[in-house]
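Because the structure is predicted, anything quoted here is derived from the model rather than measured. Numbered from 1 within each chain, the chains take letters A, B, ... in sequence-line order.
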Number of protein chains: 2
Amino acid sequence: MSDKRKIAEAAIVRLSVYNRALGEIEKEGLEIISSDELGDRIGYHATQIRKDLSCFGEFGEVGKGYFVRDLRDAISRILGVDRKWNVALAGAGHLGSALLAYPGFRQRGFNIVAVFDNDLAKIGKKWEGIVIQDTSELAKTVKEQDIRIGIIAVSPQVSQEIVDTLTSCGVRAILNFAPASITVGEGVELRNVDLATELECLSYFLTNEAEVRTEVLRKIKNNNGEGG
Amino acid sequence: MSDKRKIAEAAIVRLSVYNRALGEIEKEGLEIISSDELGDRIGYHATQIRKDLSCFGEFGEVGKGYFVRDLRDAISRILGVDRKWNVALAGAGHLGSALLAYPGFRQRGFNIVAVFDNDLAKIGKKWEGIVIQDTSELAKTVKEQDIRIGIIAVSPQVSQEIVDTLTSCGVRAILNFAPASITVGEGVELRNVDLATELECLSYFLTNEAEVRTEVLRKIKNNNGEGG
DNA sequence: CGGATGTTGTGATAAATTTCACAATATTAG
DNA sequence: CTAATATTGTGAAATTTATCACAACATCCG
C-alpha cells in the first residue's frame with residue numbers, strides 16, 4: 001500500500017521493536033522468519049506485525065515468511081535509521097553522563113556530538129571525547145555539527161528554556177527526560193520520558209490490578225466462569 | 001463511578017502526568033483549577049481529564065473546578081503513591097548509577113534500597129549510601145528489605161536472567177531499560193523503556209512526518225483551510 | 001431574586017486501533 | 001501433477017479510546 005500518511009505513533013514504536021528483535025534473530029543465524037514466530041518472541045500478534053508493515057509496502061513472501069536481513073533493512077529505511085544522526089545533549093549531570101556513555105545510541109546510529117551545561121565547573125571538561133560547552137555556544141554548534149535531535153537531561157526548572165533555545169536553532173526533534181510539562185511549536189516533535197511516571201504505573205498495578213486479577217481468578221474458579 | 005476494572009494503561013500514564021502538573025500548580029500557590037486549564041498546561045483535552053478521573057470517583061466541584069491539593073491526594077491514592085515503595089536496582093553501570101542518583105524517584109516515593117551487579121570490582125563498594133551486592137544475595141535482600149519493584153539496568157544479554165531471578169523472589173513489577181525482548185509470567189507487570197527506540201521515533205518523524213506536514217501546510221495555504 | 005456564566009460528570013457518538021477471516025499464492029512430498 | 005501445508009496482505013468486524021454535547025448545579029453580579 002505504501003501510504004505513509006497517518007501512521008500511528010504506537011506503530012512506529014512497534015517498528016523499532018521489530019527491528020531490534022530482527023537484529024537478535026539475525027545474530028542467531030536465522031535467515032527467514034514468519035510474522036507468527038516474530039510475534040511470539042516479542043509478544044505481539046502476527047496480524048499486528050503484518051498490518052504495521054503493510055502501511056509501507058510488501059516485504060514478505062507468501063508461504064515462506066520474511067527474509068530477516070531484508071526486513072531489517074526495510075524497517076531501517078522506514079524509520080530513517082539507515083543513516084547517522086547527530087544529537088546534542090543538554091545537561092551533564094548523572095543522567096546526561098549516563099546517556100552520553102549509553103552504547104545503544106551509537107550502535108543504532110545516534111551520535112551525541114555535543115554536550116551543553118550551565119555549570120562553570122563542568123564547562124571545558126572532556127567527557128567521552130567531547131568537550132562540555134556553555135549553552136551560549138548552542139546555536140553555533142548546532143549549525144556547525146548539523147545537529148537534528150536534542151536530548152534534554154537538565155533540571156525541570158530550566159528544561160523549557162533549553163528546549164526553546166534548541167528549537168530556535170532549528171532542532172525539530174526533542175527527547176525530554178526532565179519531569180516537566182514542555183511545550184513546543186508546530187513542526188517540532190517532542191517525546192517525553194518521565195522515569196518516575198514509569199514507576200508510578202507499576203505502583204498502580206501493584207496497588208490495584210493485582211487485587212483485581214486475584215479476584216477475577218477466584219470468581220473464575222467458583223463459576224468456571226466465561227468472564228466476558 | 002469508582003469502577004477500577006479495565007482502566008487503560010494510557011490512562012494511568014496520564015494520571016501520573018496530571019499529578020506532576022498538580023504539584024507544579026500547587027507550588028505556584030493556586031488552590032483551585034479547572035479541567036480546562038489543567039488540560040491547557042499539559043496538552044490534553046479537558047474531557048480526557050474528566051473522563052479519566054470519572055473512573056475512580058468524583059473529585060471536582062461543579063461550576064468551580066478541582067481543589068488542587070485534594071485532587072493530588074486523590075490521584076496519589078489511586079496510583080498507590082501515597083506510601084513509600086522499596087526498589088531494587090540491577091546493574092551498577094553508567095545508567096544504573098544515574099538511576100540511583102535520580103532525585104525524582106525518592107521525591108515521588110520510590111526508594112532504591114539495594115543495588116546488584118556481577119562485576120567483582122564493584123561488589124562491596126558503596127554508592128549513594130548503598131553497598132553494591134552480588135546477585136546471589138538477591139533473594140535474601142528482597143525479602144529482608146520488602147522490595148516490590150525491580151529496575152533492570154544490566155546488559156541485554158543477562159537481562160532476562162535477572163528478571164527471572166527477581167520474579168522468582170516474588171517481585172511483581174519490573175522496569176526494564178535493557179534493549180531486549182523480556183518475557184515475564186502471569187501476574188508480573190513489565191514496563192520497557194528503550195532509549196534508542198525513543199530516538200528512532202524521532203528519526204521517523206524527521207524522515208517522514210515533517211515532509212507530510214510541509215505538504216499539508218502548503219495545501220492549507222492554498223485552500224485557506226480553516227484549521228484551528 | 002434572576003439571569004448570565006462557569007464547570008463537572010457522563011451518556012452518546014466518533015475516531016482510531018486491533019483482531020479476525022480468508023483469498024491468493026508459494027512450497028513440499030508423494 | 002495434485003493434495004496438503006504454510007504464510008502473506010488486507011477488507012471487514014470488533015474492540016478500544018477519545019471527543020462531543022448537554023443536564024445538573026454552583027457562583028457571581030446587579
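One finds no side-chain N or O of B:Gln48 lying less than 4.0 angstrom from the OP1 or OP2 phosphate oxygen of D:dT17. Remark: B:Tyr66 is not in phosphate contact with C:dG6, judged by side-chain N or O atoms under 4.0 Å from OP1 or OP2. Between A:Thr47 and C:dC20 there is no side-chain polar atom (N or O) within less than 4.0 angstrom of OP1 or OP2. Taking 4.0 angstrom as the limit, B:Lys64 places none of its side-chain polar atoms (N or O) nearer than this to OP1 or OP2 of C:dT7. Not one side-chain nitrogen or oxygen of B:Tyr44 sits closer than 4.0 Å to the OP1 or OP2 atom of D:dT17.
Counting non-hydrogen atoms under 4.0 angstrom, A:Ser34 reaches the backbone sugars and phosphates but no base.
Panel note: side chain A:Asn208, backbone A:Tyr204; a donor-acceptor pair is recorded below 3.5 Å.
Taking the side chain of A:Ala8 as heavy atoms from C-beta on, and the options D:dT10, C:dG9, C:dT17, the nearest nucleotide is C:dT17. Distances from the side chain of B:Val62 to the nucleotides D:dG9, D:dA24, D:dT8 place D:dA24 closest. Closest approach to the B:Lys51 side chain among D:dA21, C:dA12, D:dT10 is made by C:dA12 (side chain taken as heavy atoms from C-beta onward). Of the candidates C:dT10, C:dT27, D:dG9, C:dT10 carries the atom nearest the B:Arg50 side chain, counting heavy atoms from C-beta on.
For B:Leu53 and A:Asp52, each mapped to the nucleotide of DNA chain C holding its nearest heavy atom, the one lying further toward the 5' end belongs to B:Leu53.
A salt bridge links A:Glu26 and A:Arg69; the closest N-O separation between the charged side-chain nitrogens and carboxylate oxygens is under 4.0 Å. Taking a cutoff of 4.0 Å between a charged side-chain nitrogen and a carboxylate oxygen, A:Glu58 and A:Arg50 do not qualify as a salt bridge. Residues A:Glu9 and A:Arg14 are not paired through a salt bridge, judged by the lack of any N-O separation under 4.0 Å between the basic side chain and the carboxylate.
In this entry the distance linking CZ of A:Phe67 with C1' of D:dT7 reads 13 Å, nearest Å. If you take CG of A:Leu15 and P of C:dT17, they are 14 Å apart, rounded to a whole angstrom. Between the CD atom of A:Glu61 and the C1' atom of D:dT7 there is a distance of 11 Å, given to the nearest Å. Here C:dG9 presents its P atom at 14 Å from CZ of B:Phe56, a figure rounded to the nearest Å. Distance CD1 (B:Ile49) to P (C:dT10): 16 Å, rounded to an integer number of Å. Here the P atom of nucleotide C:dT18 and the CD atom of A:Glu9 are 12 Å apart, to the nearest Å. As rounded to whole Å, 18 Å separates atom P of C:dT17 from atom NE2 of A:His45. Rounded to a whole Å, the CD1 atom of A:Ile12 is 11 Å from the P atom of C:dT17.
Between B:Phe110 and A:Glu200 there is a side-chain heavy-atom pair separated by less than 4.5 Å.
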